[in-house]
Amino acid sequence: MDHFLYRDGTLFAEDVPVAEIAATVGTPFYLYSTATFERHFRLFDEALEGMDHLVCYAMKAASNQAILKTLGDLGAGMDVVSGGEYARARAAGIPGDRIVFSGVGKTRDEMRMALTGGIRQFNVESEPEMEALNAVALELGVIAPITVRVNPDVDAKTHAKIATGKSENKFGIPISRARDVYAHAASLTGLKVIGIDVHIGSQLTDLEPFRLAYQKVAELTEALRSDGHTITRLDLGGGLGIPYERSNTAPPLPVEYGAMVKETLGHLGCEIEIEPGRLVAGNAGILVSEVIYVKQGEDREFLIIDGAMNDLIRPAMYEAYHDIIPVVEPAPGLEGATYDIVGPVCESGDTFAKGRDMPTLAAGDLIAFRSAGAYGAVMSSEYNTRPLIPEVLVKGDQFAVIRPRPTYEEIINRDTLPAWL
Ligand SMILES: *Cc1c(COP(=O)(O)O)cnc(C)c1O
């Protein structure tokens with residue numbers, strides 16, 4: 001559920017007409033709904049009610065500080081995967097003790113930054129990383145709280161590029177080796193082992209892979225406790241999927257996920273952390289674009305729009321589907337058309353949809369990509385020297401630009417010429 005709905009035939013973001021924002025900021029742009037972000041965070045928070053828990057938003061999904069502060073004000077923690085994300089979360093006012101540091105290649109500089117700035121825990125992914133963190137902690141005279149990310153070797157049944165829980169993936173340590181790795185961790189005096197971490201992938205549309213992974217985590221918790229480790233916290237990662245295609249069956253709801261967590265892990269008395277990204281942000285954002293030309297090809301019609309793969313790379317990178325809707329609803333009875341919807345970038349991969357049934361559109365019409373809030377703006381680039389597009393946040397009847405569109409000068413002035421030129 002989201003807050004992008006038609007009223008009297010025109011698309012609104014909460015109480016603001018999308019066309020009005022387009023007229024103010026220009027197209028293309030990302031548009032987010034505060035109410036949708038808040039709703040999705042609360043759904044997870046409520047799903048874990050009755051268990052000691054913290055929802056740590058995986059900020060790599062959408063990391064504008066206005067979004068982080070919106071969620072932080074509700075009590076959210078953050079899951080960060082880089083020093084840059086750590087700095088951004090802190091700048092948005094998230095206290096260090098609500099930030100967990102994930103990622104397979106944390107550098108010593110990043111560790112130092114988080115240990116001095118304050119951190120809830122590191123999710124350690126390898127023994128070399130464990131030793132590096134131990135060294136940095138000892139050098140700073142502090143103790144680093146850690147979980148170890150285990151790879152449970154379950155098939156998340158999602159797109160290969162976002163599956164992370166099979167043994168061939170680079171993430172975590174093999175669960176079969178966990179007892180040895182925890183013994184190693186316990187011998188390092190700069191570390192304090194507090195729990196176990198697992199994250200098996202993204203855009204999961206079925207609870208079964210989660211259930212299999214969490215059952216393995218439950219068994220491991222008991223094994224580690226019998227080895228003498230104190231396991232008080234379980235970080236269960238993110239990954240719950242969203243319905244990109246409205247006609248498809250919907251993925252499980254947070255409340256169903258929460259019930260499964262209680263069922264598989266509730267008896268252990270651990271504090272639970274979850275790291276949802278996509279489900280919090282995905283349907284909280286749309287990408288608004290304008291039709292530049294309608295071009296007749298040999299056997300098809302192209303809708304050439306001002307948004308491109310550099311603005312939203314998911315279709316090119318993951319063969320992802322996005323619902324694409326007109327900002328002004330077609331008059332009833334008007335005949336539709338079928339388009340290939342493409343951007344202006346010089347690559348055939350710059351294609352958002354092929355053979356998509358749409359209302360008949362003309363140059364100057366506005367369209368919106370639904371479910372573009374997660375892994376949208378954060379994955380955009382300036383390919384073709386196209387400026388990063390603005391981000392706009394709506395709250396009720398107000399809207400604000402939360403990242404302005406840079407000018408061409410700002411972009412090209414970042415280049416510096418060497419002395420010999
Ligand atoms: C990407 C990621 C998440 C968030 O995944 P979603 O599918 O967006 O919920 C959570 N934890 C870790 C470690 C991640 O890498």
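Starting from 1, each residue takes its place in the sequence as its number. These numbers were taken from a predicted model, which means no experiment stands behind them. When a ligand or atom number is given, it counts from 1 through the structure's own listing order.
Taking every non-hydrogen atom of Arg278 and a distance limit under 4.0 Å, the qualifying atoms of ligand 1 come out as 6 (P), 8 (O), 9 (O). Annotation for ligand 1: atoms under 4.0 Å from non-hydrogen atoms of Glu275 are 3 (C), 4 (C), 9 (O), 10 (C), 11 (N), 12 (C), 13 (C). Below 4.0 Å from some heavy atom of Pro276 lie the following atoms of ligand 1, by number and element: 9 (O). Near Ala58, meaning under 4.0 Å from any of its heavy atoms, are these atoms of ligand 1: 3 (C), 4 (C), 10 (C).
Between Phe171 and ligand 1 there is no heavy-atom distance shorter than 4.0 Å. Heavy atoms of Ala374 come nearer than 4.0 angstrom to ligand 1 in no pair at all. The closest approach between any non-hydrogen atom of Val81 and ligand 1 is not below 4.0 Å. Heavy atoms of Ala61 stay at 4.0 angstrom or farther from ligand 1.
When heavy-atom distances to ligand 1 are checked against a 4.0 Å cut-off, Ser202 comes that close through both its backbone and its side chain.
Between Pro152 and Leu212 there is no side-chain heavy-atom pair separated by less than 4.5 Å. No side-chain heavy atom of Met260 sits under 4.5 Å from any side-chain heavy atom of Glu256.
In this pair, His229 and Tyr182 present their aromatic rings perpendicular. The plane angle is above 60°, beyond the 30 to 60° band.
Taking a cutoff of 4.0 Å between a charged side-chain nitrogen and a carboxylate oxygen, Glu125 and Lys170 do not qualify as a salt bridge.
In terms of N/O distances under 3.5 Å, ligand 1 is approached by Lys60. Polar contact check, Leu240 against ligand 1: no nitrogen or oxygen pair lies under 3.5 Å apart. In terms of N/O distances under 3.5 Å, ligand 1 is approached by Gly277. Close N/O approach between Tyr375 and ligand 1 is found [any backbone or side-chain N/O within under 3.5 Å].
For the side-chain hydrogen bond (donor to acceptor under 3.5 Å, both in side chains) condition, the pairs that include at least one residue of residues 88-104, sequence neighbours left out, are Asp79-Ser102, Tyr86-Arg90, Ser102-Asn123.
Rounded to the nearest 0.5 angstrom, Leu48 CG and Tyr257 OH are separated by 7.5 Å.
With Asp45 contributing its side chain and Phe41 its backbone, the two residues share no donor-acceptor pair below 3.5 Å. In this structure, the side chain of Glu38 does not engage the main chain of Ala35 through any donor-acceptor pair within 3.5 Å.
For Ser126, the side chain to side chain contact (heavy atoms under 4.5 Å, CB included) partners are Pro128, Glu129, not counting sequence neighbours.
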